[in-house]
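Since the model is a prediction, treat every value here as computed from it, not as a measurement.
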Amino acid sequence: MEGIEQYIDDALDDTFGLESDSTVGSCSVYYLDVGQGDSALILTDSAAVLIDAGEASAGDTVLSALQEHGVKTLDYVIATHPHADHIGGMPAVLQYAASSDDLTIQEIIVPEVPDSQIPTTRTYEKFLDGVEANGLSLTPAESQTLDLGSAALEIIPSPGDDYSSLNDYSVCAYLTCGENGFFFTGDASKPEEKDLLSAGALDHVKADVLKVGHHGSRESSTDDFLYAISPKYAVISCGYDNTYGHPHSEAVARLSKFCGNQIYRTDENGTVCISSDGAKLTVTTEK
């Protein structure tokens, strides 16, 4: 354990130029500043998981983060849904892994989307090209728990199969590290949140940390959803002065009821790291 603690200490030091708490241990989540997009890197004592990779312009940022933290193997890559602000940076990561011995990708998990809604965009085609270049096939998300050593990651697929928006097919994930929980939402909005609640998929979830859905859109983070998971910390991934007005004031007001002033934003705080030693959370921000 001493070695992994030093590893994370050094990683935080290198990334932020700050000293981290010496008790930071078994699990760290980096909510990467990728502008108006989403990307999170989970590091445990023996595994690494990448959830989304922002727009195409964020590919180098994600690769730099992997290199800074010494990630040689991504045990799982999760593309929560096939929108460009979540999978746009994936081709850069995938092509690098295909052409370099410095990075190996083991498995890529994606949502099941009706054939009629599968994108035909160049971004999605590049994503598929990168998957093929690594000799991999896409793994449809199904309810399962992945063993990450000092933590576990439960995959929670969207219960619905007939949404008007790709956002609501988002693969959600519930990371548990000792007594601490982290919930990842992709761009899930009110329809998916409602279906997750109705299906009982969140009955066991009590997340200390919520990666806020759809960049803090007013259509996400509904009262019922927040009440169910009761977050203490929230992280909103959004771009500075973005044209969507994210995060919307209505969503922030709802989040504040649960998180108070413990709401972090990548547009204001840069990359946000929240680490758990199994009992205590430590938050470090880039700015």
Side-chain angles (χ1 to χ4, degrees), residues 37-42 47-54 62 73-95 97-98 103-148 151-176 182-205 211 213-214 220:
D38 255 32
S39 186
L41 176 63
I42 300 170
V49 179
L50 178 67
I51 303 179
D52 291 332
V62 177
T73 300
L74 281 170
D75 299 270
Y76 302 96
V77 170
I78 301 173
T80 60
H81 65 292
H83 273 160
D85 58 333
H86 290 251
I87 65 163
M90 289 284 187
V93 176
L94 292 167
Q95 292 296 343
L103 181 63
T104 300
I105 297 171
Q106 303 282 20
E107 187 171 353
I108 302 172
I109 298 172
V110 297
E112 291 200 68
V113 174
D115 289 346
S116 61
Q117 290 182 265
I118 294 175
T120 57
T121 61
R122 183 64 185 131
T123 296
Y124 190 63
E125 290 176 358
K126 287 182 177 180
F127 171 61
L128 295 180
D129 289 345
V131 174
E132 183 179 356
N134 283 273
L136 298 170
S137 57
L138 299 175
T139 300
E142 60 180 31
S143 298
Q144 61 176 315
T145 299
L146 308 175
D147 182 359
L148 304 183
L153 186 67
E154 180 183 354
I155 302 299
I156 303 177
S158 176
D161 58 7
D162 187 25
Y163 296 114
S164 61
S165 171
L166 285 172
N167 290 337
D168 292 310
Y169 294 101
S170 288
V171 179
C172 294
Y174 179 40
L175 177 72
T176 51
F182 301 72
F183 199 77
F184 302 86
T185 57
D187 271 355
S189 61
K190 186 175 181 179
E192 182 175 354
E193 290 179 0
K194 181 179 179 180
D195 287 348
L196 287 167
L197 291 167
S198 297
L202 306 180
D203 288 353
H204 61 297
V205 173
K211 198 294 296 178
H214 199 198
S220 298

State, with a plain yes or no, whether a side-chain heavy atom of [X] is found less than 4.5 Å away from one of [Y].
X: T139; Y: Y76; value: no
X: S143; Y: P157; value: yes
X: D129; Y: P91; value: no
X: I87; Y: V110; value: no
X: V49; Y: L175; value: no
X: I155; Y: I78; value: yes

Where [X] and [Y] come nearest, the two heavy atoms and their spacing:
X: S220; Y: G213; result: CB-O, 3.5 Å
X: A188; Y: E193; result: O-OE2, 3.9 Å
X: Y163; Y: D168; result: CE1-O, 3.0 Å
X: S39; Y: G54; result: CB-N, 4.2 Å

Report the distance from atom [atom1] of [X] to atom [atom2] of [Y], rounding to the nearest 0.5 Å.
X: L146; Y: E154; atom1: CG; atom2: CD; result: 9.5 Å
X: L196; Y: L202; atom1: CG; atom2: CG; result: 5.0 Å
X: I51; Y: F184; atom1: CD1; atom2: CZ; result: 4.5 Å
X: Q95; Y: N134; atom1: CD; atom2: CG; result: 7.5 Å
X: I108; Y: L94; atom1: CD1; atom2: CG; result: 5.0 Å
X: F182; Y: T176; atom1: CZ; atom2: OG1; result: 10.0 Å

For S198, enumerate each residue passing the side chain to side chain donor-acceptor pair (under 3.5 Å) test, keeping only those at least two apart in sequence or located in another chain.
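Expected list: none.
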List the residues meeting side chain to side chain donor-acceptor pair (under 3.5 Å) with E142, not counting sequence neighbours, and say none if there are none.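 Residues passing side chain to side chain donor-acceptor pair (under 3.5 Å) with E142: none at all.
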- Indicate whether the side chain of D187 and that of H86 have a donor and an acceptor atom separated by less than 3.5 Å.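 Yes, H86 and D187 have a side-chain donor paired with an acceptor closer than 3.5 Å.
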[X] side-chain N/O to [Y] backbone N/O, donor-acceptor pair under 3.5 Å:
X: S170; Y: H81; value: no
X: T185; Y: K211; value: yes
X: D52; Y: T80; value: yes
X: D75; Y: A48; value: yes
X: D38; Y: D85; value: no

Margin query: Please verify the inter-ring angle class for Y174 with F183; under 30° counts as parallel, over 60° as perpendicular, anything in between as tilted.
Written below: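 The rings of Y174 and F183 sit tilted, inter-plane angle from 30° to 60°.
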List the steps, then state whether side-chain contact (heavy atoms from CB on, under 4.5 Å) holds for L41 with V62.
CA-CA 9 Å; L41 176 63; V62 177; over 6 Å; no
Exercise for the section: Report the C-alpha distance between H83 and N167 in whole Å, list the side-chain angles of each, state the deciding distance to 0.1 Å, and finish with yes or no for side-chain contact (heavy atoms from CB on, under 4.5 Å). Expected result: CA-CA 8 Å; H83 273 160; N167 290 337; 3.0 Å; yes
Identify the residue among V131, L136, L50 that makes a side chain to side chain contact (heavy atoms under 4.5 Å, CB included) with I105.
->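 Testing each of V131, L136, L50 against I105, the sole residue satisfying side chain to side chain contact (heavy atoms under 4.5 Å, CB included) is L136.
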TODO: Any pair with a residue in residues 112-127 that passes side chain to side chain donor-acceptor pair (under 3.5 Å), sequence neighbours left out, goes on the list, sorted by first then second residue, please.
DONE: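 For residues 112-127: Q117-Y169, R122-E125.
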